[in-house]
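Starting from 1, each residue takes its place in the sequence as its number.
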Amino acid sequence: MDRFFVKKEWIDFENNSMTIIGEDVKHISKVLRYKVGDRLEVCDGADNEFICEILEINKDNISLDIVEKNELRRESDIEIRLYQGLPKNTKMEIILQKLTESGVSEIILVNTDRSVVNIDEKKSDKKLERWERIVYESAKQCKRGVIPKLKGVISFKDALEDMKNNDLNISPYEDENSSGIKEVLRSDNVLSVIESKLDLHVKPKIGIFIGPEGGFTEKENLLIRENGAKSVKMGPRIFRTETASIVATAIVQYEFGDLGRV
């Protein structure tokens, strides 16, 4: 069953109904060719999911009847905030798609010393709109309960400031020789931080720093560590930037989140 997102204000619980507005109207009626009486999944973007029946299809909106609410948990117990060094445009789409599927809460695009892409200010809004659309479509496809936030492009300095909002920060680094990611994530002090938040029914915020092609410079890696991030090695092989972001997210989700959960 196809999934779509609606804003909370489009839901009328008193009358057990809701309305879909915007680009999805054309997609539902013209591309997927849904008809009155057909059912679809609808999510309010806050991990609340409903099965709805189409009551009416208009040019600008689709009216739905709420048939039932699904009692399913689609979102992780942790919030992963991934700081992605701005890669080449050709890699951005796969990164956004797979991070959304992996369950990140937020993707922060960071301009670093080795970022080879310069986004023209005149075109930045269009690029971000396109990237946000990729995240949105990926969230529908993989049945997320929340659409990940996309932030940026921000400076490296601003990223260092932003990381202070997290409970834990890690930075995979190929030249790290003392701490493996498994060892760090299972250490007593990290487990204490995560468990203290979960005991309060608060989602721990975990920041992951991933460099662009060529990685962060030595200076950038030093600054990340000086600002409290734990430098970790992910294994004996060298990952491309698009692989590193997905692997690091998957490892953190497996240790603390919902990867592997029934």
Side-chain angles (χ1 to χ4, degrees), residues 5 7-8 43-47 74-142 144-172 197 202-213 215-216 220-221 223-224 227-229 241-242 244-250 252-253 257:
F5 287 91
K7 296 180 180 179
K8 288 186 177 181
C43 183
D44 67 355
D47 210 14
R74 303 280 191 184
E75 293 302 310
S76 179
D77 291 330
I78 59 174
E79 290 187 12
I80 295 179
R81 306 181 71 235
L82 193 132
Y83 299 82
Q84 174 66 55
L86 201 61
K88 294 177 181 177
N89 284 330
T90 53
K91 297 183 177 181
M92 183 61 78
E93 184 168 339
I94 192 70
I95 288 173
L96 296 176
Q97 285 177 344
K98 300 312 173 187
L99 289 181
T100 299
E101 292 175 25
S102 301
V104 299
S105 298
E106 187 171 3
I107 303 164
I108 302 111
L109 304 178
V110 184
N111 197 15
T112 71
D113 286 345
R114 288 178 176 161
S115 292
V116 295
V117 176
N118 291 315
I119 299 179
D120 190 322
E121 287 187 10
K122 296 179 181 178
K123 299 179 179 179
S124 61
D125 288 343
K126 286 188 175 181
K127 276 188 178 292
L128 285 173
E129 280 182 19
R130 179 175 175 274
W131 291 341
E132 285 173 346
R133 191 69 193 178
I134 290 170
V135 170
Y136 177 72
E137 293 296 335
S138 297
K140 289 197 302 182
Q141 178 271 322
C142 70
R144 286 288 298 267
V146 174
I147 303 170
K149 297 176 184 176
L150 181 62
K151 181 178 180 179
V153 177
I154 66 173
S155 68
F156 183 76
K157 181 180 178 181
D158 286 343
L160 295 178
E161 185 65 28
D162 187 85
M163 68 186 284
K164 297 175 183 177
N165 296 313
N166 304 326
D167 300 299
L168 169 69
N169 290 287
I170 63 171
S171 180
K197 288 289 183 177
V202 175
K203 291 188 176 185
K205 293 182 178 180
I206 302 173
I208 303 175
F209 278 77
I210 302 294
E213 291 91 342
F216 292 117
E220 288 171 334
N221 274 305
L223 287 169
I224 291 171
N227 280 271
T241 182
E242 65 271 29
S245 60
I246 298 164
V247 171
T249 298
V252 172
Q253 284 283 33

Residues which pass salt bridge (charged side-chain N to carboxylate O under 4.0 Å, His left out) with E101, listed by chain and number, not counting sequence neighbours: K98
Can you find a pair of side-chain heavy atoms, one from I208 and one from S245, that are under 4.5 Å apart? no
So which atom in N227 and which in L223 form the shortest heavy-atom distance, rounded to 0.1 Å? ND2-O, 2.7 Å
Where do D47 and D44 come nearest, in terms of heavy atoms and distance? N-OD1, 3.7 Å
List the atom pairs, with distances to 0.1 Å, where a side-chain N or O of residues 147-155 and a protein N or O form a donor-acceptor pair under 3.5 Å, not counting sequence neighbours.
from, atom 1, to, atom 2, distance (Å)
K151, NZ, D162, OD1, 2.8
S155, OG, D158, N, 3.1
S155, OG, D158, OD2, 3.2

Quick one: salt bridge (charged side-chain N to carboxylate O under 4.0 Å, His left out) partners of E106, sequence neighbours excluded? R81
Could you go step by step and tell me if Q97 and I94 meet the side chain to side chain contact (heavy atoms under 4.5 Å, CB included) rule? CA-CA 5 Å; Q97 285 177 344; I94 192 70; 3.9 Å; yes
Taking only residues two or more places apart in sequence or in another chain, which ones pass side-chain hydrogen bond (donor to acceptor under 3.5 Å, both in side chains) with Q84? T241
State, with a plain yes or no, whether a side-chain heavy atom of M163 is found less than 4.5 Å away from one of L160. yes
What's the separation between atom CD in E93 and atom CD in E242, rounded to the nearest 0.5 Å? 12.5 Å
Results of side-chain contact (heavy atoms from CB on, under 4.5 Å) for S76 - residues two or more places apart only: I78, Q253, D258
Under the side-chain hydrogen bond (donor to acceptor under 3.5 Å, both in side chains) test, residues paired with R114 that sit two or more places apart: none
Write out all pairs satisfying salt bridge (charged side-chain N to carboxylate O under 4.0 Å, His left out) with one or both partners inside residues 132-141, taking only residues at least two apart or from two chains. E23-R133, D24-R133, D24-K140, R133-E137, E137-K140
Between K91 and E213, is there a salt bridge with N-O shorter than 4.0 Å? yes
In terms of heavy-atom contacts, P172 and I210 come closest through CG-CD1, 3.9 Å
Counting C-beta onward and ignoring hydrogens, is there a side-chain heavy-atom pair between I246 and S102 closer than 4.5 Å? yes
Kindly compute the distance separating CG (N169) from CD1 (I206), expressed to the nearest 0.5 Å. 9.5 Å
So the ring pair (Phe, Tyr, Trp, His ring centres under 6.0 Å) pairs with at least one residue in residues 79-117 (sequence neighbours excluded) are Y83-F209
Who passes salt bridge (charged side-chain N to carboxylate O under 4.0 Å, His left out) against K197, sequence neighbours left out? D167
Step through the shown structure and confirm whether more than 12 heavy atoms of other residues, nucleotides or ligands are within 6.0 Å of NZ on K205. no
Using a 3.5 Å distance criterion without hydrogens, assess whether the side chain of E79 forms a donor-acceptor pair with backbone atoms of S105. no
Taking the side chain as everything from C-beta on, heavy atoms only, tell me whether L96 gets closer than 4.5 Å to S138. no
Set of residues satisfying side-chain hydrogen bond (donor to acceptor under 3.5 Å, both in side chains) with respect to T112, sequence neighbours excluded: S115
Sorted by chain and number, sequence neighbours left out, side-chain contact (heavy atoms from CB on, under 4.5 Å) with E161 holds for K164
Can you tell if the side chain of K127 reaches within under 4.5 Å of the side chain of M92, non-hydrogen atoms only? no
Using a 4.5 Å cut-off on heavy atoms from C-beta on, say whether the side chain of I95 contacts that of L82. no
Atom pair CH2/CD1 of W131 and I107 - distance to nearest 0.5 Å: 11.0 Å
